[in-house]
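Notes follow once the structure below has been shown.
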Amino acid sequence: MSGVDQLRAELVRSARALGAPEGVAPVLERPRDPSHGDWATNLAMMLTKALGKKPAEIARELIAGMDLAAAGVSEAEIAGPGFINFRIDAGALASQLQRVLDQGDAYGDTQGGAGKPVVVEFVSANPTGPLHVGHGRQAALGDAISTMLSRTGWNVSREFYYNDAGVQIANLTLSTQARLRELAGDALEIPEGGYHGEYIVDIARKYATEHPADTRGDDLDAVRVHAVKALRQEQDLDLKTFGVQFDVYFLESSLYSDGQVERTVGALEKAGATFEEGDALWLRTTDYGDDKDRVMRKRDGTYTYFVPDVAYHVNKWGRGFTRAINVQGADHHSTVTRVRAGLQALGVGIPQGYPEYVLHQMVTVMKGGEEMKISKRAGSYVTVRDLIDEVGRDAVRYFLLMRKGDSQLVFDVDLARSQSEDNPVYYIQMAHARVSGIFRVGEIAMESVTGARVNWAVLDSLEERELVKTLLDWPRLLAGAAESTEPHRVANYLLETARLVHTWYHKHHVLGEPEPVMQARLALGKAARQVLKNGLTVLGITAPDRM
RNA sequence: GCGCCAGUAGCUCAGUUGGAUAGAGCGGGAGCCUUCUAAGCUCCAGGUCGGGGGUUCGAUUCCUCCCUGGCGCGCCA
């Protein structure tokens, strides 16, 4: 049982003795202001109605009824409108760092997910061009969310859905053909809705080399296969450079070839959720909160995009994923209602909120004070590769994760590239490297610091107490970030932790101090380094030992 | 017009799910290196939390109505 839990247990015991209702659950929080102690509770204010007394009186009685020593409390005072502020004994507080040292890379991991399966789908780009910044945000978000879930006990599968069966693929094929014919001497005629980027020229050139008998691209089937393959390879390479790996690549086309789309449509018709009108087949999405019904099968006999998407999610459910999370740009949010409506209409026991969506707002890339819109290769947008080339993988990851997904994001290339003073990524990594440096310079093996025989009570300065408390927050913070699927909480936590580490490092020397002091500070340093490393790992960012 | 998201310091954004005197980074100003990395530390300036009403001991946080911005509202994906 951790220190907070003991404190809470004592509070509950005391409150119950005063006549508080069963199930009373005191909220303990860390006050912003250190002078308000290490933990504070508003319990006395919560109980005013139930006990019919004034907050201050209740607070006094609560404290009197607690075994403060058992909870490691050195001081308890009543403050403000009725808060109780507890100060924890320095030794009792710092000794909890033993957990960090014992658990190492696993410190912070919890088991809330209980091994249940969850599929996280992200990126899911059409294989029609290089990945753009938005895909980058999805890749960073999806990967970090997956890691967080995995560290909180979920059995995670990362999945990439390839839209390889639609109109876009036809446009890609025709665009490639147009470039082939341009290379053969014709005037360039990129079709309506086609792709204008430089990369199409590369693909065409390679096709012509590999297919000397068809340099004009008359064999559209061969052109399509070639172009899709080339772009999948390019996207894979980008993702690899970004450090993202998937467990499953799911092809949209397989939903058609396996008959899953037809089966889903048949089931929806059977369920009476559809109707025909104007030579088209419609789904009654208005029965499930949509503002109008939606076409499933167009007049030309093909399906609208959300139909295979419904089939795809039936497939996920069928594979045993009772939880599914989709990371997508907010411009796709109209799909949410439709897919869920389709799943509900099937009536096969899929819960209403399935799948969950993590929608993120748009990214604006700024460089030199101006919006950067053009990539040489892609033509009309900035690619993930552009960003990695500009600022490096770690900085791209951090900058794409530092803001809540709900916020529009301004990516400042100049700031991200700066390696001197202003960059939060390097600030955090530097904290890790500086602590590593203590061990390197002192020639102290990291493994030799185990926490055994450490006099934790030595760590009683303001800076040390604040750092200790923050390090002890990590498991709770990670669990909260995972539950809310918000990696930016980890990013902000790391920045705060790094700040405390830098301050501590500057103020409290380690090497050459008297033995008990040095041993205690080495233990604290090692714990801090461990937490920084664990947090950076969650975000997919490296934790260098020297910079 | 309808729906979703946002509006907090000059700029970019956090705000621990309703707590105490609202924070960080950048930008601006002033200091700190014969001692474990100055990619660092310390201090100063900077705010009508978009606006009005409501809920209660207490609201940046919850409800409601306005205002502003982004995205979406296709037999496109």
Side-chain angles (χ1 to χ4, degrees), chain A residues 27 29-33 35-36 40-42 45-46 48-49 54-55 79-83 85 126 128 163 166-168 193 277-282 289-292 294-306 308-309 329-337 359-362 364 366 399 402-412 414-415 418-427 429-431 433-442 444 473 476-477 480-481 484 488-489 491-493 495-496 499 501-513 518 521 525 546-547:
Chain A
V27 176
E29 56 186 14
R30 278 184 52 197
R32 284 197 187 97
D33 185 344
S35 73
H36 291 147
T41 183
N42 61 354
M45 289 179 282
M46 306 273 296
T48 46
K49 275 185 186 149
K54 289 180 180 167
F83 291 101
N85 295 335
N126 297 336
T128 53
N163 293 102
V167 181
Q168 286 91 339
E277 190 180 298
D279 291 330
L281 183 68
W282 296 68
D290 207 349
D291 56 348
K292 52 185 117 169
R294 306 290 169 176
V295 168
M296 295 171 63
R297 190 167 56 221
K298 296 179 270 185
R299 206 172 287 147
D300 66 7
T302 63
Y303 292 107
T304 53
Y305 72 96
F306 82 92
D309 224 10
D331 53 339
H332 284 82
H333 80 248
S334 62
T335 196
V336 175
T337 313
L359 299 180
H360 67 84
Q361 300 289 326
M362 301 294 112
T364 312
M366 297 293 287
F399 273 68
M402 69 199 279
R403 306 304 184 204
K404 199 163 47 175
D406 287 339
S407 301
Q408 289 165 49
L409 180 99
V410 176
F411 193 113
D412 185 337
D414 303 308
L415 179 61
S418 139
Q419 296 196 9
S420 51
E421 43 191 323
D422 350 325
N423 192 330
V425 193
Y426 291 102
Y427 184 82
Q429 291 181 319
M430 189 61 202
R434 279 180 124 181
V435 177
S436 300
I438 298 174
F439 289 83
R440 187 175 56 247
V441 172
I444 295 161
D473 273 346
R476 209 166 47 111
L477 184 120
S484 60
H488 79 279
R489 294 195 194 190
N492 283 316
Y493 170 82
L495 200 57
E496 168 70 10
R499 216 196 76 217
V501 168
H502 282 304
T503 304
W504 169 75
Y505 179 94
H506 184 260
K507 202 155 183 179
H508 301 282
H509 212 260
V510 178
L511 300 176
E513 296 293 314
M518 183 170 96
R521 289 186 182 162
R546 62 198 311 167
M547 296 179 72

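In the text below, chain A, chain B and the rest are named by the order of the sequence lines, each starting its count at 1. Basis for what follows: all heavy atoms, side chains included, without hydrogens, waters or symmetry-related copies.
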Base partner of B:rU21, which must satisfy Watson-Crick or wobble distances under 3.5 Å: none
Atom C1', compared across B:rG10 and B:rA45: separation rounded to whole Å: 12 Å
Separation of the P atoms in B:rG15 and B:rC33, to the nearest angstrom: 38 Å
Whole-Å distance separating the CG atom of A:Asn423 from the P atom of B:rA24: 19 Å
Qualifying residues under side chain to side chain contact (heavy atoms under 4.5 Å, CB included), relative to A:His488, sequence neighbours excluded: A:Lys404, A:Glu486, A:Asn492
What are the atom names and distances for every N/O pair under 3.5 Å that joins the protein to nucleotides 28-34 of chain B?
none

Watson-Crick or G-U wobble mate for B:rC26, both contacts under 3.5 Å: B:rG10
Spacing of the C1' atoms in B:rG7 and B:rC41 (rounded, Å): 35 Å
B:rC13 to B:rU56 separation - C1' atoms, rounded to the nearest Å: 30 Å
Assigned partner base of B:rU48, Watson-Crick or wobble definition, under 3.5 Å: none
Complementary nucleotide of B:rG58, counting Watson-Crick and G-U pairs under 3.5 Å: none
Sugar-phosphate, base or nothing in reach of A:Tyr505, heavy atoms under 4.0 Å: base
Contact list (N/O, under 3.5 angstrom) for nucleotides 14-23 of chain B vs protein:
| residue | atom | partner | partner atom | Å |
| --- | --- | --- | --- | --- |
| B:rA14 | OP1 | A:Lys404 | N | 2.9 |
| B:rA14 | OP1 | A:Ser407 | OG | 2.9 |
| B:rA14 | O2' | A:Asn492 | ND2 | 3.0 |
| B:rG15 | OP1 | A:His488 | NE2 | 3.2 |
| B:rU17 | O4 | A:Arg489 | NH2 | 3.4 |
| B:rG19 | N7 | A:Asn42 | ND2 | 3.1 |
| B:rA20 | OP2 | A:Arg32 | NH1 | 2.7 |
| B:rA20 | N6 | A:Asn85 | OD1 | 2.8 |
| B:rA20 | N1 | A:Asn85 | OD1 | 3.2 |
| B:rA20 | N1 | A:Asn85 | ND2 | 3.2 |

Letter per nucleotide, 5' to 3', of nucleotides 67-77 of chain B [B base touched, S only sugar-phosphate touched, - untouched; heavy atoms, 4.0 Å]: --BSBSSSBSB
Nucleotide B:rA38, atom C1' - distance to NZ of A:Lys507 in whole Å: 18 Å
Heavy atoms from other residues, nucleotides or ligands near CE of A:Met45 exceed 12 (cutoff 6.0 Å): yes
Interatomic distance, A:Glu513 CD vs B:rC36 P [rounded to whole Å]: 12 Å
Sugar-phosphate only, base, or nothing, as touched by A:His508 at under 4.0 Å among non-hydrogen atoms: base
Residues forming a side chain to side chain contact (heavy atoms under 4.5 Å, CB included) with A:Thr41, sequence neighbours excluded: A:Leu11, A:Pro26, A:Leu28, A:Leu43, A:Ile84, A:Phe86
Assigned partner base of B:rG3, Watson-Crick or wobble definition, under 3.5 Å: B:rC71
Test side chain to side chain contact (heavy atoms under 4.5 Å, CB included) applied to A:Arg499 - qualifying residues, sequence neighbours left out: A:Tyr427, A:Glu496
